[in-house]
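Take a look at the structure set out below.
Along the sequence shown, residues carry numbers from 1. Values reported hereafter were calculated over all heavy atoms of this structure, with side chains retained and with hydrogens, waters and symmetry mates removed. First listed ligand is number 1; within each ligand, the first listed atom is number 1.
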Amino acid sequence: MSSPDGKPTTSVGVVGLGYVGLPLAVAFAEEGVDVVGVDYEPRLVAAIEAGESHIEDIPSERLRAVADRISATTDYSRLATCDAVLIAVPTPLTRNREPDLGPLLSSAQALSNVVHAGQLIVLESTTYPGTTREQLVPLLEESGLAAGRDFNVAFSPERVDPGRTDYTLRTTPKIVGGLTPACLERAVALYDLVCDEIVEVSSPEPAELAKLLENVFRSVNIALVNELAMLCDRMGIDIWEVVDAASTKPYGFMRFEPGPGMGGHCLPVDPFYLSWKAREYGQPTEFIELAGEVNQRMPEFCVDRIARALNDHSKPVRGSRVAILGVSYKAGVGDLRESPALKIIQLLGRQGAVISYHDDYVPEVPELGYSSEPFDAVLAECDVAVIVTAHPGLDLERIVATAPLVVDFRGVTRHIEAPNLVRL
Ligand SMILES: NC(=O)c1ccc[n+]([C@@H]2O[C@H](COP(=O)([O-])OP(=O)(O)OC[C@H]3O[C@@H](n4cnc5c(N)ncnc54)[C@H](O)[C@@H]3O)[C@@H](O)[C@H]2O)c1
């Protein structure tokens, strides 16, 4: 890649060194680019400087292998020397479920003090259409420089799926939309270093909305299959058998798994960025709202299912020992954000259940005051074992053989027939 003056890009800055930012930083460093990573968490910065990765997809050895090309800091001024800066800070919701652009705006404000002529700034955080142009650009222009004329701006959504190994940053097509054709050209040249295929769109807005379409699509389809799971429970039909059968159709159907509810930083959050923005245009986004409602209801349904299973074993919820297996929001990662397990634990706790949990990926759940207990101990001492998140290698046979009652919300015990086994 080269900057407008024709020089090759030798340094990239990454703001926010989390699930998105750290893999990006490592990918560029692996291509020989010098990377400056900025995060406002001093402990995180110190760990990365010491070669310790906090992201499962980036083993510490991989980080250490490029240690001479990555430096982490809390100091934004270090970005002044970078040819390009990628912003990968969180975009959460407020308590009222409205977009919280706080991290994005404060990082943009800090960048306005360092942005220089010829620099490229790319927003990677998921957000509503218009954010790059309406929110990021005005703050960057407080520098006195003009976006599109003095420096370049683009939006390129991150599509990483934590824990996934079949599609990587390199092999997943990367959507890019620039403020001007020149902005697009520079951003494409940058991502060419780390991605095999770039998908160019006409401006930042379609790129912003494409990412939201992807997430809304998943949210709506997961809600649909979850709603069917609740119906199947009443009708006495096995939802997994239904999904397996429907999935044999070679066209016109895409498989989605039912489960205890949606978690993570993306699906429970991002669609509401779009529904919030849509209100400005007086256009209801009913699919988004409805999918959110159905998915948010799942933990309550799960608790009701556990209560019925206990009842069938002549046990009340109050005083029963419930072993939760897996508390992160998805298999193979330790991310607790918006995890339905937390809601299930809280709801069961309110009903008087005595809860323990085991999760190799999550040593503790500080907000609820729990620590992971040994697998054998939670199984030996429970009245019911509940599979909320089935991490790779979970010994399902042992669970069914040891626990007096097992409730499986992930359908992973489909190959086992046992009288003490209940599935979603
Ligand atoms: N996690 C995913 O799977 C995923 C996938 C695609 C897109 N995204 C999107 O990417 C963005 C980042 O998500 P993430 O999962 O990497 O978040 P994260 O919480 O894992 O990482 C964000 C990092 O930014 C840092 N940070 C926050 N405010 C900052 C500031 N003002 N200055 C510097 N650093 C700051 C935090 O300390 C944290 O380390 C979000 O918009 C998210 O929706 C995430």
Side-chain angles (χ1 to χ4, degrees), residues 13-27 36-49 52-58 72-79 85-93 99-114 121-129 131-132 135-136 139-140 155-165 167-169 172-175 207-219 262-274 328-339:
V14 178
V15 179
L17 295 172
Y19 281 89
V20 168
L22 189 61
L24 273 172
V26 170
V36 177
V38 172
D39 201 290
Y40 73 169
E41 275 292 340
R43 269 187 307 174
L44 184 68
V45 164
I48 292 171
E49 278 287 271
E52 298 296 335
S53 169
H54 62 300
I55 303 294
E56 288 95 351
D57 290 347
I58 302 292
T73 175
T74 55
D75 180 7
Y76 272 80
S77 71
R78 294 267 313 279
L79 298 170
V85 177
L86 315 178
I87 306 173
V89 295
T91 43
L93 293 173
D100 175 3
L101 290 185
L104 173 53
L105 300 183
S106 66
S107 58
Q109 191 84 59
L111 275 174
S112 70
N113 296 317
V114 294
I121 310 284
V122 188
L123 179 59
E124 289 241 357
S125 302
T126 309
T127 185
Y128 59 79
T131 310
T132 307
Q135 303 290 337
L136 178 64
L139 282 172
L140 294 175
F155 181 83
S156 180
E158 181 52 62
R159 292 167 136 177
V160 66
D161 182 11
R164 181 161 220 130
T165 51
Y167 286 100
T168 61
L169 176 63
T172 307
K174 190 95 172 92
I175 299 176
E208 291 164 328
L209 187 51
K211 171 69 188 179
L212 289 179
L213 170 61
E214 290 164 18
N215 285 356
V216 169
F217 174 81
R218 279 190 62 72
S219 168
M262 274 185 337
H265 183 46
C266 296
L267 297 190
V269 172
D270 302 343
F272 296 104
Y273 267 66
L274 186 55
S328 63
Y329 84 89
K330 69 184 268 194
V333 300
D335 193 345
L336 268 180
R337 290 178 293 182
E338 309 278 334
S339 174

Contacting atoms of ligand 1, where contact means under 4.0 angstrom from a heavy atom of [X]:
X    : result
E41  : 37 (O)
H265 : 13 (O), 15 (O), 40 (C), 42 (C), 43 (O)
V15  : 33 (C)
V89  : 11 (C), 12 (C), 29 (C), 35 (C), 40 (C), 41 (O)
R337 : 1 (N), 15 (O), 17 (O), 18 (P), 19 (O), 20 (O)
P103 : 28 (N), 31 (N)
S106 : 31 (N)
P162 : 3 (O)

Compare all side-chain heavy atoms of [X] with those of [Y] and state whether any distance is below 4.5 angstrom.
X    : Y    : answer
V216 : P271 : yes
P129 : F155 : no
L209 : L274 : yes

Within the side chain of [X], is there an N or O that forms a donor-acceptor pair under 3.5 Å with the backbone of [Y]?
X    : Y    : result
S125 : V89  : yes
H265 : D335 : no
Y273 : P92  : yes
Y76  : N113 : no
T74  : P42  : no
S53  : I58  : yes
T172 : L169 : no
T91  : T126 : yes

### Query
So does K330 pair up with D161, basic N to acidic O under 4.0 Å?
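The answer is yes: the pair qualifies as a salt bridge.
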What do we get for [X] next to ligand 1 when only non-hydrogen atoms under 4.0 Å count, side chain, backbone, both or neither?
X    : result
A110 : neither
D161 : neither
H54  : neither
L44  : side chain
Y76  : side chain
A88  : backbone

### Query
So between V20, L123, V14, D39, whose heavy atom ends up nearest atom 36 (C) of ligand 1?
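Going through V20, L123, V14, D39 one by one, D39 has the nearest heavy atom to atom 36 (C) of ligand 1.
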Any nitrogen or oxygen of [X] lying under 3.5 Å from a nitrogen or oxygen in ligand 1? Just yes or no.
X    : value
E158 : no
T126 : yes
T91  : yes
K211 : no
G21  : no
Y19  : yes

Among all protein heavy atoms in this structure, tell me which lies nearest to [atom], with the distance rounded to 0.1 Å.
atom                    : value
atom 24 (O) of ligand 1 : G16 CA, 3.3 Å
atom 2 (C) of ligand 1  : C266 SG, 3.9 Å
atom 34 (N) of ligand 1 : Y40 N, 3.3 Å
atom 21 (O) of ligand 1 : G18 CA, 3.1 Å
atom 5 (C) of ligand 1  : V160 O, 3.4 Å

### L111, L101, L123 screened by side-chain contact (heavy atoms from CB on, under 4.5 Å) with L136, the one that passes
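Of the listed options, the one satisfying the test is L123.
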### Message
Please evaluate residues R337 and V269 with respect to the criterion side chain to side chain contact (heavy atoms under 4.5 Å, CB included), reporting the C-alpha separation (whole Å), side-chain torsions for both, the decisive distance (0.1 Å), and the verdict.
### Response
CA-CA 10 Å; R337 290 178 293 182; V269 172; over 6 Å; no
#### Entry: K211, E208, K174 screened by side chain to side chain donor-acceptor pair (under 3.5 Å) with S156, the one that passes
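Of the listed options, the one satisfying the test is K174.
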